Chemist: 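Just dropping this structure here.
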Number of protein chains: 2
Amino acid sequence: MILGAASRLLAESSTGDVSTRAVCDAAGVAQPTLYRLFGDKDGLLAAVVDAGFERYLASKRALAPTGDPAADLRDGWDNHVAFALSSPHLYRLMFVPGLGTEPAAVKEMHTLLRRTVDRCATAGLLRVPAGAATQIVMSANTGLALSLVTHPGLFPELSLSALVRDIVLAGVLTGADPAPVHSGADEATAIAAITLAAILRTAPPAALTDGETGLLLEWADRLAATHLAAPAVGATGVRRTQLSPSTSTSHSLSQGDNLS
Amino acid sequence: MILGAASRLLAESSTGDVSTRAVCDAAGVAQPTLYRLFGDKDGLLAAVVDAGFERYLASKRALAPTGDPAADLRDGWDNHVAFALSSPHLYRLMFVPGLGTEPAAVKEMHTLLRRTVDRCATAGLLRVPAGAATQIVMSANTGLALSLVTHPGLFPELSLSALVRDIVLAGVLTGADPAPVHSGADEATAIAAITLAAILRTAPPAALTDGETGLLLEWADRLAATHLAAPAVGATGVRRTQLSPSTSTSHSLSQGDNLS
DNA sequence: GAAAAGCTGTTATCGTCGATTACATGAACA
DNA sequence: TGTTCATGTAATCGACGATAACAGCTTTTC
């Protein structure tokens, strides 16, 4: 069970790397055995990547296509991010190859996404060509997941993924509003609050005391952020993915998030 | 000139890694010298990152703030992507740290972006809170750049960055249309063409010969892709960044791109 | 002016890692 | 029974990151 030991050690590793010796020790074999079975350390890691990708595709198949391809697209995004967060090291191995080694599995994922996009297209939901939409969603999705994985400190917002997702999908699909869903007067209110908050922050007015400015700022922030918690694209029939309870759409910004 | 040798070797490296021995040989010094000056290999790489970041910030300052903060935001995006493509290995060192070592420079860049976003906010151009907008743009920008850098084979489209950029900025700014700029009948035409192309590709009709289907497909693709070459958000006063002649907005899809 | 202190750079070496060679063992088959 | 081949091991190699011990040189101090 060399492969299992490698996967386990990788997941437990703090640096995201494993030594062939450690893998062999954990598996109870000598090094040449590993090298005969996998040929190379890269071969071993490729096998680990393949196994991880098998798991990823399994979770992908669990999200069977529904009648709502736009919702499927959204669930696919969430599922992808959840997988990345669940095994960061493995994700980095899968999507940040050593510059030259392209795991074939990535292309398979690309075609999988393409299928969902095509279903959107045949339903008349696409406003950009299917190929462009696929690349846009794919790069934005993996890119965001990589950012979340490699900069856990910089982007502590759990809802960031949902925000970017809704914006990107709204830019690709028809009939989908970008993340902030407000209408008419609400939109004007939100924008005014956002503008005021920015002005207060960069140039506090002399007419108000610091305490007053702070309180006003708090209210403005609250006004500006309310719409971020609203459900967005494809609001009907929201399904939860098994892996991502925390990245779902309806997650509000109640806890420590500071998006102001 | 140990640092210069390290930077040069890193840029020329094929794996994105350098050995301290190679650096010392190239610099004409012995290893302990390097370790006395930089303490560690990580210390050396951190210095390389700092130097690269100095260059990045220099190119950033060259894009002095104009009266159009939205255009500044766009130029900043292009500049970022151009930097990533110009030195992929360095970029990966800067933005894919070893999981634990957060280069302080990244935070500095974050605040730099925040300043531009705040200028948009005070101009009333923001439809999401400034903090959220900063995180959205930042993660999408670095994420896309990482995708372009680490998967040069999967995303060969030079215009992909511009597409994602316009979509993301449109989701964050007011008065900015998402990438496909079409109006009225044009939009209906494009969507119909996209839908038809997708249907033809997934289920070729029996009423047409293969040749006829192919020709029809070509025309539909052309109809669907025309609007992708149109200028987008902040169309007035488009400035070119020094580093990114190829990622500019007006770049058309004439060459080998296949976004269909 | 000579000695002490400190910076700068060297040679030689250690432990770890990825990878390989040469060899041992045991089952399948003629 | 002897050959073959798959499977495993001990021992080893070269490259790497890192360090100890030592040598030259400038600066400071008495």
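In what follows, every chain begins at residue 1, and chains take the letters A, B, ... in the order their sequences are listed. Predicted model only: the values in this text are computed from it and were never measured.
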Chemist: Just by distance, do the side chain of D72(B) and the backbone of T66(B) share a donor-acceptor pair under 3.5 Å?
Modeler: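 Yes, D72(B) side chain to T66(B) backbone: donor-acceptor pair under 3.5 Å.
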Chemist: For S147(A), check side chain to side chain donor-acceptor pair (under 3.5 Å) against everything at least two apart and list the hits.
Modeler: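 Testing S147(A) for side chain to side chain donor-acceptor pair (under 3.5 Å), a comparison that skips the adjacent residues, returns T142(B).
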Chemist: My understanding is that only residues two or more places apart in sequence, or in another chain, count here; which of them pass side chain to side chain contact (heavy atoms under 4.5 Å, CB included) with D50(B)?
Modeler: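 Partners of D50(B) under the side chain to side chain contact (heavy atoms under 4.5 Å, CB included) test: none.
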Chemist: Treating primed atoms plus P, OP1 and OP2 as sugar-phosphate and everything else as base, which nucleotides of nucleotides 8-21 of chain C get B, S or - for protein heavy atoms under 4.0 Å?
Modeler: SSBB-----BBBBB
Chemist: Please work out which of the three classes, parallel, tilted or perpendicular, describes the rings of H151(A) and F95(B), given edges at 30° and 60°.
Modeler: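 Rings of F95(B) and H151(A): tilted, as their planes differ by 30° to 60°.
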Chemist: I'd like to check the ring pair (Phe, Tyr, Trp, His ring centres under 6.0 Å) partners of F38(B); sequence neighbours left out, ordered by chain and number.
Modeler: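 F38(B) satisfies ring pair (Phe, Tyr, Trp, His ring centres under 6.0 Å) with no residue once adjacent residues are dropped.
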Chemist: For residues R92(B) and V96(A), determine if any side-chain heavy atom of one lies less than 4.5 Å from a side-chain heavy atom of the other.
Modeler: yes
Chemist: Applying side chain to side chain contact (heavy atoms under 4.5 Å, CB included), name anything that partners A22(A), two or more places apart in sequence or on another chain.
Modeler: L9(A), S19(A)
Chemist: Dump the pairs, protein N or O against N or O of nucleotides 25-28 of chain D, anything under 3.5 Å, distances to one decimal.
Modeler:
none

